[in-house]
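Positions are given from 1 along the sequence.
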Amino acid sequence: MSIAWEHFTPYSALGGGALIGLAAALMVLLEGRIAGISGILGGLLQRPLPPDARWRMAFIAGLLLAPLLYGTVFHLPAIHLSASPLLIIVAGLLVGFGSRLGSGCTSGHGVCGLSRLSPRSLAATLVFMVGGMLTVGLLRHGLGN
């Protein structure tokens, strides 16, 4: 395996991570809520009361509009999907099932939970990471070849 150093972007990654951390901290400090995307979207789909629905819709809209806004200023990389649409749909459903089973997603557990020193979030994040590594290892070096 080799690293494509021309695509290594530490400053944009550092800036993006800092913005995610700042947004998560502001959400906890100003709203008293965890910035876990699966919980925010799940709460929106469960017919919340109007004041609750407004902030949830604004959060989801921000997630969808941010890349479009970024693309007006900077060049967005091309996206090349090598998987079939059916596989992508199945993968998305499995991610949704897993985040319900794990009582949260990577943003809820990995960003917000770990920053609050939650043992449950540490366990969940370890499972996410090990599961991802095993999946990539199996698909790229085991079953895939």
Side-chain angles (χ1 to χ4, degrees), residues 1 3 7-144:
M1 177 168 78
I3 296 174
H7 297 295
F8 181 60
T9 57
Y11 300 116
S12 63
L14 181 63
L19 284 174
I20 290 169
L22 177 64
L26 287 174
M27 185 114 170
V28 167
L29 292 172
L30 300 177
E31 297 293 325
R33 299 188 180 271
I34 300 298
I37 288 108
S38 64
I40 292 170
L41 182 61
L44 186 61
L45 297 175
Q46 295 173 356
R47 299 182 193 263
L49 298 173
D52 193 52
R54 280 194 289 272
W55 77 263
R56 290 175 189 273
M57 286 189 285
F59 190 95
I60 300 297
L63 289 177
L64 297 173
L65 293 174
L68 299 175
L69 191 61
Y70 181 87
T72 63
V73 179
F74 300 103
H75 173 72
L76 290 173
I79 297 173
H80 302 285
L81 299 175
S82 59
S84 71
L86 178 63
L87 183 60
I88 292 171
I89 291 169
V90 169
L93 291 172
L94 285 172
V95 167
F97 174 75
S99 50
R100 286 305 260 182
L101 182 66
S103 298
C105 57
T106 52
S107 60
H109 285 299
V111 176
C112 301
L114 290 179
S115 67
R116 294 181 303 120
L117 303 177
S118 166
R120 185 177 88 160
S121 290
L122 176 60
T125 304
L126 288 172
V127 169
F128 296 155
M129 297 301 292
V130 170
M133 286 185 260
L134 288 173
T135 301
V136 169
L138 280 173
L139 291 178
R140 291 214 175 147
H141 305 292
L143 303 173

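Rounding to the nearest 0.5 Å gives a distance of 11.5 Å between CG of L101 and CG of L94. Once rounded to the nearest 0.5 Å, the distance linking OG1 of T125 with CG of L114 reads 4.0 Å. In this structure, CG on L19 lies 11.0 Å from OG on S12, to the nearest 0.5 angstrom. Separation of atoms CD (Q46) and CG (L41) is listed at 10.0 Å; rounding is to 0.5 Å. The distance from atom CD1 of I34 to atom OG of S115, rounded to the nearest 0.5 Å, is 7.0 Å. One distance of note links CE of M27 with CZ of F59; it measures 5.5 Å at 0.5 Å rounding.
Annotation: side chain of T72 is not in contact with side chain of L68 (no heavy-atom distance under 4.5 Å).
For the residue pair L44 and R56, the shortest heavy atom distance occurs at N-CD, 3.7 Å. A pairwise comparison of heavy atoms in C105 and I37 identifies SG-N, 3.6 Å as the closest pair. Closest of all the heavy-atom pairs between A35 and C112 is N-SG, 3.6 Å.
S118 places a side-chain N or O within 3.5 Å of a backbone atom of S121 that can act as its donor or acceptor partner. Checked by atom type and distance alone, the side chain of H109 never pairs as donor or acceptor with a backbone atom of F128 at under 3.5 Å.
Shown here are the ring pair (Phe, Tyr, Trp, His ring centres under 6.0 Å) partners of F74, two or more places apart in sequence or in another chain: Y70.
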